[in-house]
Number of protein chains: 2
Amino acid sequence: MAETPARQIADDLRARIKSGDLAPGTRLPGEPALVRQYGVAKQTAANALKLLIAEGLASARPGSGTYVREFKLIRRSATERLSRGRRASGGSVWAADVEERPLEVDALDVREAPAPEWVAEALDLSGDDTSVLVRSRRYVVDGEPVQLADSYLPAALVRGTRVAEPDTGPGGTYARLAELGAEPVDFTEELRARMPDRDEAEALSQPPGTPVIEILRVALTADGRPVEVNRMLLDAGSYVLDYRFGG
Amino acid sequence: MAETPARQIADDLRARIKSGDLAPGTRLPGEPALVRQYGVAKQTAANALKLLIAEGLASARPGSGTYVREFKLIRRSATERLSRGRRASGGSVWAADVEERPLEVDALDVREAPAPEWVAEALDLSGDDTSVLVRSRRYVVDGEPVQLADSYLPAALVRGTRVAEPDTGPGGTYARLAELGAEPVDFTEELRARMPDRDEAEALSQPPGTPVIEILRVALTADGRPVEVNRMLLDAGSYVLDYRFGG
DNA sequence: AAGTGGTCTAGACCACAGA
DNA sequence: CTGTGGTCTAGACCACTTA
């Protein structure tokens with residue numbers, strides 16, 4: 001494996017970051033500084049910084065500098081959040097989710113629409129009314145967007161109920177579903193990690209080169225009826241996911 | 001958002017990929033071809049291709065060309081593999097991309113070593129013997145490495161048993177642990193997605209710009225004793241993870 | 001031997017941040 | 001206004017694949 005100048009510079013900086021010499025939030029030596037110190041072309045210095053950015057160790061702020069990235073991880077405990085008992089105590093589903101910083105809803109859109117094909121399949125929709133209620137939210141932490149979520153529910157089930165309003169009330173959507181005799185008790189989550197496309201990266205204001213986690217959750221009632229599909233897109237750099245199972 | 005030449009070229013190619021005009025496995029127009037067609041510098045053509053690679057849509061084979069990436073997803077159902085008594089397996093939302101192919105062990109290393117700090121903590125090791133048995137494996141599909149796994153077990157528990165041998169016999173490590181009176185029945189998995197460092201990318205022979213999923217699993221006996229820590233590193237482009245819970 | 005991606009130098013212009 | 005990262009052109013050499 002060739003040890004190119006750009007890689008050498010990146011190695012040096014990486015070592016200084018990991019040793020703590022360059023603390024999170026610190027401004028890294030910029031391109032001009034690297035050009036002077038290492039006697040390379042500006043492009044090469046830029047490439048070295050891009051390597052660190054691609055590893056998720058740094059992020060660039062154009063016009064200002066390149067900074068050691070701060071890792072403020074959010075722990076998302078899927079199993080504990082959604083298991084029965086924990087949720088009955090009122091408060092949003094997300095209350096138990098965050099470590100310190102509050103997760104806030106930044107943008108909310110509620111609308112009715114025809115179900116995309118994969119949603120119709122997951123919700124087992126057929127016949128006349130294949131329309132769904134879509135609740136789209138964006139979550140922010142410290143003003144930084146970290147998650148997008150689109151929740152799909154059968155319109156025939158929730159039309160005209162509180163679920164179709166922006167504020168679903170105490171306990172959230174799932175509590176309202178329970179009142180409708182459709183309490184979700186079983187969940188499946190399918191999960192992928194990939195690179196975001198440009199729109200997604202923009203919506204999460206992610207620096208290019210950092211991945212996202214895509215989660216598809218299907219919520220089922222006790223008799224196995226699917227009542228909600230939730231597609232989530234997480235900034236991978238902000239999250240640790242947690243699953244517990246067995247017994 | 002600036003629409004630079006490189007982005008324009010990438011947009012064109014992306015559209016042709018998504019439309020199926022450029023099928024998976026196809027060779028993309030190379031740098032020289034793009035230079036001619038678009039009248040740009042070689043670097044700019046290279047940057048356009050790098051954008052697609054960073055999105056996971058293509059991968060470069062130096063000396064040969066840049067190719068539309070094939071998505072053959074492996075489905076990993078954590079809950080069903082490890083739990084006793086299973087529910088029916090529903091269809092995957094990404095079913096179209098999922099393929100059933102055998103996962104083979106490519107490289108195996110078994111050794112005894114002092115426990116890294118985080119392992120000692122997870123395994124609740126203290127006192128005299130903090131050494132662990134480490135079983136390192138690499139898994140391949142169709143000759144392509146897709147997963148690395150390092151399993152750590154308390155040496156005091158498994159030293160001299162079949163668990164310490166390369167071939168652990170029918171049922172694997174967990175069956176042997178059960179025979180030792182330490183059957184794992186509860187599991188926690190912590191999961192992150194991030195960019196691989198250079199060593200990891202090489203071990204998984206990943207094109208730079210594609211993420212990995214890191215999983216830390218702790219296996220507990222019925223009385224809550226941790227008996228195994230497993231650190232897995234998956235090629236994110238090859239996997240869909242599946243969790244089921246509730247009830 | 002020809003073609004490919006990978007990387008480098010050298011020099012240029014731009015948009016934007018911050019004092 | 002100065003310094004920053006972002007991107008471009010133009011030209012060069014290398015290691016590798018493929019035939």
### Message
For A:Ala46, give me all partners under side-chain contact (heavy atoms from CB on, under 4.5 Å), at least two apart in sequence or on another chain.
### Response
A:Glu31

#### Entry: Which residues share a side chain to side chain donor-acceptor pair (under 3.5 Å) with B:Tyr152, sequence neighbours left out
none

### Query
Which residues within residues 22-30 of chain A lie with some heavy atom under 4.0 Å of an atom in DNA chain C?
none

### Query
In whole angstrom, what separates A:Glu3's CD from D:dC14's P?
19 Å

### Residues that A:Ser238 engages under side chain to side chain donor-acceptor pair (under 3.5 Å), provided they are two or more places apart
A:Asp235

#### Entry: Residues in side-chain contact (heavy atoms from CB on, under 4.5 Å) contact with A:Glu200, at least two apart in sequence or another chain
A:Arg194, A:Pro196, A:Asp197, A:Arg231, A:Leu233

### Query
Excluding sequence neighbours, so at least two apart, what forms side chain to side chain donor-acceptor pair (under 3.5 Å) with B:Thr168?
none

#### Entry: Nearest-angstrom distance from the residue atom CZ of A:Arg36 to C1' of D:dT4
12 Å

### Task
Identify, with sequence neighbours excluded, every residue that meets side-chain contact (heavy atoms from CB on, under 4.5 Å) alongside A:Thr66.
A:Leu28, A:Leu49, A:Ile53, A:Ala58, A:Ala60

### Query
Between A:Lys18 and A:Glu55, is there a salt bridge with N-O shorter than 4.0 Å?
no

### Message
In whole Å, I'd like the distance from the CZ atom of B:Arg7 to the P atom of D:dG6.
### Response
11 Å

### Summary
Across all chains, not counting sequence neighbours, the side-chain contact (heavy atoms from CB on, under 4.5 Å) partners of A:Arg27 are A:Tyr67

### Query
Given C:dT4, C:dG6, D:dC8, which nucleotide is nearest the side-chain atoms of B:Thr4?
D:dC8

### Message
Closest approach to the side chain of B:Glu31, judged atom by atom: which nucleotide of D:dG5, C:dT9, C:dG5 is it?
### Response
C:dG5

### Task
Go through the structure and list residues passing side chain to side chain donor-acceptor pair (under 3.5 Å) with B:Asp199, not counting sequence neighbours.
none

Between the protein and nucleotides 15-19 of chain C, which nitrogen or oxygen pairs come in under 3.5 angstrom?
{"unit_1": "C:dA17", "atom_1": "O4'", "unit_2": "A:Gly63", "atom_2": "O", "d": "3.2"}

### Query
Under 3.5 Å, is there a donor-acceptor pair linking the side chains of B:Glu189 and B:Tyr243?
yes

#### Entry: Qualifying salt bridge (charged side-chain N to carboxylate O under 4.0 Å, His left out) pairs with a residue from residues 106-119 of chain A, counting only residues at least two apart or across chains
A:Asp106-A:Arg138, A:Asp109-A:Arg111, A:Glu112-A:Arg159

### Message
At a heavy-atom distance below 4.0 Å, what parts of residues 42-51 of chain A sit against DNA chain D?
### Response
A:Lys42, A:Gln43

